[in-house]
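In this text the structure is predicted, and so the values were computed from the model without any measurement. Computed over heavy atoms, backbone and side chain alike; hydrogens, waters and symmetry mates excluded.
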Amino acid sequence: MDRTPRGHDVGRPAGRVQALPDERLLVLKGDVDLAAVETFDRSTSDDLAWVRSIDVSGVSFVDTQGLGLLLRVAAPRGRDAPTERPALLGASPQVQQLLEMLGVDALFEMRALPGGDGAAADELRPPA
């Protein structure tokens, strides 16, 4: 019996969400779907108000759970919420189009990654 999670394309990388609080950065990789978001949510109790940038340069797919995670970062967070929009780093045209179609692109400041190849974000990650 095939044990591939329903809806997951075997050819695409499993998703991962990594929090780097010291850099105020959230890094999303691969298929950012229900499984990836649930794994992240179980590993953190943060309200994500500390996040100022989201690296999505390595995202191959995002479902409604992944979109919900992005919106949790961008959503107003009370009186003490930062007034600036979170930066979305390295968003592919597909991710940008999805946000535009849903009318939520204005919640983010779209930015290219320094160097344009994702190397800058890789330098922030601690060794595996």
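- Of the charged side-chain nitrogens involved, none lies within less than 4.0 Å of a carboxylate oxygen, so that R52 and E23 do not count as a salt-bridged pair.
- Hydrophobic clustering of Ile, Leu, Val, Met, Phe, Trp and Tyr side chains at less than 4.5 Å, counting indirect connections, keeps L34 apart from V59.
- Side-chain contact check for L88 versus L99: some heavy-atom pair is nearer than 4.5 Å.
- The CZ atom of R24 lies 12.5 Å from the CG atom of L48; values are rounded to the nearest 0.5 Å.
- Across L26 and W50, no two heavy atoms sit closer than the pair CD1-CH2, 4.4 Å.
- Between A74 and P86 the shortest heavy-atom distance is CA-CG, 3.9 Å.
- Note: R111 CZ to S53 OG = 5.5 Å, rounded to the nearest 0.5 Å.
- Counting heavy atoms from C-beta on, the side chains of L70 and L28 come closer than 4.5 Å.
- For the atom pair CD (Q94) and OG (S60), the distance works out to 10.5 Å, reported to the nearest 0.5 Å.
- V27 has its side chain within reach of L25: a pair of non-hydrogen atoms, C-beta onward, lies under 4.5 Å apart.
- The side-chain heavy atoms of V32 and F61, taken from C-beta on, include no pair separated by under 4.5 Å.
- A donor-acceptor contact shorter than 3.5 Å links the side chain of S43 to the backbone of F40.
- Side-chain atoms of D33 come within 3.5 Å of backbone atoms of A36 as a donor-acceptor pair (strictly under, hydrogens ignored).
- A donor-acceptor pair under 3.5 Å is absent between the side-chain atoms of D55 and the main chain of G90, judged by distance alone.
- At a threshold of 4.0 Å, the pair D41-R72 counts as salt-bridged, since one of the basic side-chain nitrogens sits closer than that to a carboxylate oxygen.
- Within the 3.5 Å criterion, the main-chain N or O of A91 finds a donor-acceptor partner in the side chain of Q96.
- Separating the CG atom in L89 from the CD1 atom in I54 is a distance of 8.5 Å, to the nearest 0.5 Å.
- With contacts defined as side-chain heavy-atom distances shorter than 4.5 Å, the pair D31/V62 does not qualify.
- Smallest separation of non-hydrogen atoms from L107 and R85: O-CB, 3.3 Å.
- Judged by distance alone, the side chain of D47 and the main-chain N or O of A49 form a donor-acceptor pair under 3.5 Å.
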